[in-house]
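A short write-up of the structure that comes next.
Residue numbers start at 1 and run along the sequence shown.
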Amino acid sequence: MTTAEQRRVLITGASSGIGLEAAKILLARGDELTILCRNAERAGQTQAALSGSVQTCVADLADLGSVAKAIDHLRQSHTTFDAMVLNAGLQYAGHRSPRWSQQGIELTFAVNHLAHQLLVERLKEHARAIVITASEVHNPSTGGGRVGQPAGLGTMEGIHQGPGAAMVDGISPFNADKAYKDSKLCNLLMAQEIHRQSPGVPVVAWSPGLVIPRTSGGFFRNSRQANPMGQALFGFVARDLLRLTESVEQAGGLLVQLIDKELNQPGFTYWSNGLLGPGRHQFSPTEPSEEASDSNKATTLWTLSSNLIKATLST
């Protein structure tokens, strides 16, 4: 693929934030976009934000049944996508009790991982390349990964337990921040397993860095509900005083850069927008954490997740 070619891109999480900024750039260059949206209202808002020049498909990532219906619709169209971009993400740090998907699965794991694995399982034959938005917080040795409880899936007993398990490891007390870190670890492991299954398909995972927009919506909307003053202070200090964050516009541009430069290169790569100093980032390939590079754990996670998806969709 070259930037001069018109591409077909399927993307989740493009109704706001990084995904929306990337969509604007891709559309301006003539690419065709199909955006999965939570509901019809969100689809209408997305089309309005993008001048109505995109295709939308309703898929509530918190409901595997809704995702499965959207997949059936997409498969019937017989469209092949140059890139499937799994960008949607949810976090509700600050909330003390778990939230649940339509199938009774902890919401962070359900949205950030299971829904995206279902898309890959059933659409990978219709996608020439796959991009997954992960995060450096998956790695306990990084700055964000060291704050609070570290990511770690243990023996994944929570997936064995199925609906009602608060954490993937099945042991830890519920912690919304750790649940998010664990889901990003799952994203990296999923990327590794996709590569193992389909070595000729380009698979790119990436971390955009810390992105805190000034708007009330977007990624941090759930965390703001739990602690509006704390989140406002955190955003002001990290973004405006210490300048540790990346702008949502720049992050959207980085996502497009990956689609431009990496998706004709078979194999797995992980890119991170690393912080060099106040207001300075470097976007480059890097290594995932040791646990995220565990091929046996990647295969186990995929198998357990696939079994859980099948079990919940069959009930």
Assess whether a salt bridge exists between R29 and D260, defined as any Lys/Arg side-chain N lying under 4.0 Å from an Asp/Glu carboxylate O.
yes
Determine, step by step, whether K181 and Q149 satisfy the side-chain hydrogen bond (donor to acceptor under 3.5 Å, both in side chains) criterion, reporting the C-alpha distance in whole Å, the side-chain angles of both residues, the deciding distance to 0.1 Å, and the verdict.
CA-CA 9 Å; K181 293 174 182 173; Q149 295 187 35; over 6 Å; no
Are L27 and L20 in one and the same hydrophobic cluster, where Ile, Leu, Val, Met, Phe, Trp and Tyr link if side-chain heavy atoms are under 4.5 Å apart?
yes
Can you confirm whether V54 sits close enough to Q47 that some side-chain heavy atom of one is under 4.5 Å from a side-chain heavy atom of the other?
yes
With a 4.5 Å limit on heavy-atom distance, are the side chains of I132 and I194 in contact?
yes
Verify the distance criterion only: is there a donor paired with an acceptor across the side chains of N307 and K310 at less than 3.5 Å?
no
Work out which heavy atom in L188 is nearest to a heavy atom in A134; give both atom names and the distance.
CD2-CB, 3.1 Å
Would you sort out whether D60 and R38 count as a salt bridge (Lys or Arg N to Asp or Glu O under 4.0 Å), showing the intermediate values?
CA-CA 4 Å; D60 183 355; R38 186 166 60 247; 5.7 Å; no
About how many Å separate OG of S295 and CZ of R196, when rounded to the nearest 0.5 Å?
8.5 Å
Check whether D169 reaches the backbone of G154 with its side chain - one donor and one acceptor, N or O, closer than 3.5 Å.
no
Tell me if the centroids of the rings in F283 and W271 come within less than 6.0 Å of each other.
yes
Does E136 offer a backbone N or O that forms a donor-acceptor pair with the side chain of T142 under 3.5 Å?
yes
Indicate whether the side chain of H126 and that of T79 have a donor and an acceptor atom separated by less than 3.5 Å.
no
For H160, is the NE2 atom crowded, meaning more than 12 foreign heavy atoms sit under 6.0 Å from it?
yes
Is there a donor-acceptor contact under 3.5 Å from the side chain of N87 to the main chain of G13?
yes
Would you please test D82 and R8 for salt bridge (Lys or Arg N to Asp or Glu O under 4.0 Å) and show each step?
CA-CA 5 Å; D82 294 295; R8 293 186 177 93; 5.6 Å; no
Can you confirm whether N139 sits close enough to E291 that some side-chain heavy atom of one is under 4.5 Å from a side-chain heavy atom of the other?
no
Angle between ring planes, F174 versus Y92, binned at 30° and 60°: parallel, tilted or perpendicular?
parallel
Same hydrophobic cluster for I25 and V131, using side-chain heavy-atom links shorter than 4.5 Å among ILVMFWY?
yes
Quick one: which of T34, V85, V256 gives a side-chain contact (heavy atoms from CB on, under 4.5 Å) with V9?
V85
Would a 4.5 Å heavy-atom cut-off, applied to side chains only, mark V58 and C37 as touching?
no
Identify the heavy atoms of P163 and T312 that sit nearest to each other, and give their distance.
CG-CG2, 4.1 Å
Checking side-chain polar atoms at under 3.5 Å, does T299 have a donor or acceptor matched by the opposite partner on E193?
yes
Does Y180 form a ring-ring contact (aromatic ring centres under 6.0 Å, His included) with H138? I'd like the steps, not just the answer.
CA-CA 9 Å; Y180 175 73; H138 87 276; over 10 Å; no
In the structure I gave you, are the side-chain heavy atoms of K297 and Q192 within less than 4.5 Å of one another anywhere?
no
If you compare all heavy atoms of A129 against all heavy atoms of V201, which two are closest, and at what distance to 0.1 Å?
CA-CG1, 4.0 Å
Ion pair check, D31 and R7, cut-off under 4.0 Å:
yes
What's the separation between atom OG in S135 and atom CH2 in W206, rounded to the nearest 0.5 Å?
10.5 Å
For the student: nearest non-hydrogen atoms of T133 and P208, plus distance:
CG2-CD, 4.2 Å
Pairwise side-chain contact, T269 with P285, heavy-atom cut-off 4.5 Å (strictly under):
no
Mark yes or no for whether S77, through its side chain, and L74, through its backbone, hold a donor-acceptor pair below 3.5 Å.
yes
Might you work through the side-chain hydrogen bond (donor to acceptor under 3.5 Å, both in side chains) test for S51 and S53, ending with a clear yes or no?
CA-CA 5 Å; S51 302; S53 53; 5.5 Å; no
Q103 and G65: which non-hydrogen atoms are nearest, and at how many Å?
NE2-N, 3.7 Å
Side-chain donor-acceptor pair under 3.5 Å between E106 and T108, yes or no?
yes
Would a 4.5 Å heavy-atom cut-off, applied to side chains only, mark Y270 and T286 as touching?
yes
Any non-hydrogen side-chain atom of S306 less than 4.5 Å from a side-chain atom of E121?
yes
